[in-house]
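To start, the structure under review is shown below, and the notes come after it.
Hydrogens, waters and symmetry mates are skipped; everything else that's a heavy atom, side chains included, is used. Note on naming: letters A, B, ... go to the chains in the order of the sequence lines (proteins, then strands), and numbering restarts at 1 for each one.
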Number of protein chains: 2
Amino acid sequence: MRKGNPSIPSAGEGKRGEEGYLGYLLRQAAGAYRLKVERALDEFGVTQAQFAALIMISAYPGISNADLARLAVLTPQTVSVIVGNLEKAGSLVRRPHAVHGRIQHLDLSDNGRALLKKCRERVYRLEGELTAGLSAEEERAVRLWLVAVATADAAQA
Amino acid sequence: MRKGNPSIPSAGEGKRGEEGYLGYLLRQAAGAYRLKVERALDEFGVTQAQFAALIMISAYPGISNADLARLAVLTPQTVSVIVGNLEKAGSLVRRPHAVHGRIQHLDLSDNGRALLKKCRERVYRLEGELTAGLSAEEERAVRLWLVAVATADAAQA
DNA sequence: AACAACATATAAGAGCTCTGATGTTATGCG
DNA sequence: CGCATAACATCAGAGCTCTTATATGTTGTT
């Protein structure tokens with residue numbers, strides 16, 4: 001469009017801005033932020049999903065794959081992939097045989113802890129940018145809305 | 001957690017709710033809504049990304065792959081995959097040799113138009129749910145924030 | 001003790017999305 | 001005109017995410 005098609009608006013303008021569909025805006029905002037996080041973490045080869053998993057395992061050491069999936073609002077299969085990649089990278093350890101047989105306990109390795117620490121700093125900075133222009137009222141409204149959307153039961157449709 | 005680990009909060013509670021990181025909340029909200037849209041469109045085998053592409057091609061007939069990518073804030077490669085799947089499904093047509101050689105013009109097929117119409121109704125209902133509990137003030141705040149996040153230049157970090 | 005119900009983990013297949021690389025076509029400047 | 005640069009399309013490779021399906025382990029009921 002830069003040259004060819006002046007009729008196409010850019011992101012943030014007109015129907016693609018404040019007047020657009022909330023669904024689009026949500027999609028685009030999440031995509032933009034995801035990319036931003038992954039670029040900030042690119043140096044460490046960590047994705048947004050992996051960062052989230054590291055944080056959660058750090059908060060709940062010994063968590064199971066299934067519990068982690070519930071925590072992250074993802075399917076166990078999805079989490080299995082993410083955990084698998086983190087294990088390949090040596091950031092976490094699977095402790096297979098708990099007291100009971102099937103469950104795999106997840107814990108950060110020393111490498112994983114060090115990695116998480118470095119990632120945290122960068123992401124925290126981005127988190128700050130996210131709230132930059134917001135008043136307390138507005139931030140509250142945004143938080144409540146995001147939680148409502150995230151927890152809206154799919155069945156209630 | 002339902003049984004095993006009572007210390008793990010569920011989505012929407014404590015640090016995972018209004019007090020959590022905005023980045024997480026954004027990620028989860030977008031994931032939840034994406035899933036909701038795709039379940040609503042499952043009958044037609046259309047994904048959220050495909051729906052977005054159909055809408056945009058409908059709004060800007062004859063758009064190029066590259067312009068569509070800019071419009072959707074995605075890479076040309078990503079759009080190429082989405083468009084490829086829509087073409088396989090017979091929902092759109094590529095008009096390769098415009099006046100000038102390299103560009104591929106995209107247009108909805110009759111099938112695509114009919115499909116989009118059906119999808120629209122369902123997604124519009126979801127869009128309504130998105131704004132359900134919001135006051136005018138709150139909705140405005142949310143919209144402005146989403147646009148700000150979506151358009152925040154990655155370079156400004 | 002046996003069987004049914006449920007949870008856990010994992011694999012396969014599909015779609016979305018990115019980065020990086022390649023080839024082709026336009027455009028612009030000596 | 002010829003070549004460099006830029007834009008477009010596309011391939012390859014990687015990771016995330018879902019669905020569906022399978023195998024194994026735990027628990028509760030009869």
### Query
What closest approach, in Å, do B:Gln28 and A:Leu71 show between heavy atoms, and which atom pair accounts for it?
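Scanning both residues, the minimum pair turns out to be NE2-O, 3.9 Å.
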
Which whole-number value in Å describes the distance from [X] [atom1] to [N] [atom2]?
{"X": "B:Asp42", "N": "C:dG15", "atom1": "CG", "atom2": "P", "answer": "13 Å"}
{"X": "B:Gln48", "N": "D:dT17", "atom1": "CD", "atom2": "P", "answer": "14 Å"}
{"X": "B:Arg27", "N": "C:dC16", "atom1": "CZ", "atom2": "P", "answer": "19 Å"}
{"X": "A:Ile103", "N": "D:dT26", "atom1": "CD1", "atom2": "C1'", "answer": "9 Å"}
{"X": "B:Leu68", "N": "C:dT17", "atom1": "CG", "atom2": "P", "answer": "11 Å"}
{"X": "A:Gln50", "N": "D:dA14", "atom1": "CD", "atom2": "P", "answer": "14 Å"}
{"X": "A:Gln104", "N": "C:dT10", "atom1": "CD", "atom2": "P", "answer": "5 Å"}
{"X": "B:Glu87", "N": "C:dG15", "atom1": "CD", "atom2": "C1'", "answer": "16 Å"}

OP1, OP2 of [N] versus side-chain N and O of [X]: anything below 4.0 Å?
{"X": "A:Thr75", "N": "D:dC18", "answer": "yes"}
{"X": "A:Arg70", "N": "C:dT8", "answer": "yes"}
{"X": "B:Asn85", "N": "C:dA14", "answer": "no"}
{"X": "B:Ser64", "N": "D:dC8", "answer": "no"}
{"X": "A:Ser80", "N": "C:dA9", "answer": "no"}
{"X": "A:Arg39", "N": "C:dC18", "answer": "no"}

### Side chain A:Asp107, main chain A:Val93, donor-acceptor under 3.5 Å
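Absent.
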
### Message
Closer than 3.5 angstrom, by distance alone: can the side chain of B:Arg122 be matched with the main-chain N or O of B:Ala40 as a donor-acceptor pair?
### Response
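Yes; judged by distance alone, with no hydrogens or angles, the pair exists.
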
### No-H, no-angle donor-acceptor pair, B:Gln77 side chain to C:dG20 base, under 3.5 Å
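Flag set: donor-acceptor pair detected.
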
### Task
Could you check whether A:Thr78 gets within reach of a base, just the sugar-phosphate, or nothing at all, counting any heavy atom under 4.0 Å?
base

Where the side chain of [X] is defined as all heavy atoms beyond and including C-beta, which of [options] is the nearest nucleotide?
{"X": "A:Ile82", "options": "C:dT17, D:dT17, C:dG15", "answer": "D:dT17"}
{"X": "B:Ala66", "options": "C:dT17, D:dG15, D:dA9", "answer": "D:dA9"}
{"X": "B:Asn65", "options": "D:dT10, C:dT17, D:dT17", "answer": "D:dT10"}

### Message
As an exercise, state the distance from CG of A:Leu115 to CG of A:Asp110, rounded to the nearest 0.5 Å.
### Response
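Answer for the CG-CG pair, A:Leu115 versus A:Asp110, is 12.5 Å.
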
### Nearest-nucleotide comparison on DNA chain C, the residue closer to the 5′ end among A:Glu38 and A:Pro76
A:Pro76

### Message
Please identify which of these residues, A:Glu127, A:Glu121, A:Arg120, meets the side chain to side chain donor-acceptor pair (under 3.5 Å) condition with A:Tyr124.
### Response
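It is A:Arg120, the one option of A:Glu127, A:Glu121, A:Arg120 that forms the side chain to side chain donor-acceptor pair (under 3.5 Å) with A:Tyr124.
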
### Query
Under the salt bridge (charged side-chain N to carboxylate O under 4.0 Å, His left out) test, which residues partner B:Glu137, sequence neighbours left out?
none

### Message
Between B:Arg94 and B:Arg34, which residue's closest nucleotide on DNA chain D lies nearer the 5′ terminus?
### Response
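Checking each residue's closest nucleotide, the 5'-ward one belongs to B:Arg94.
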
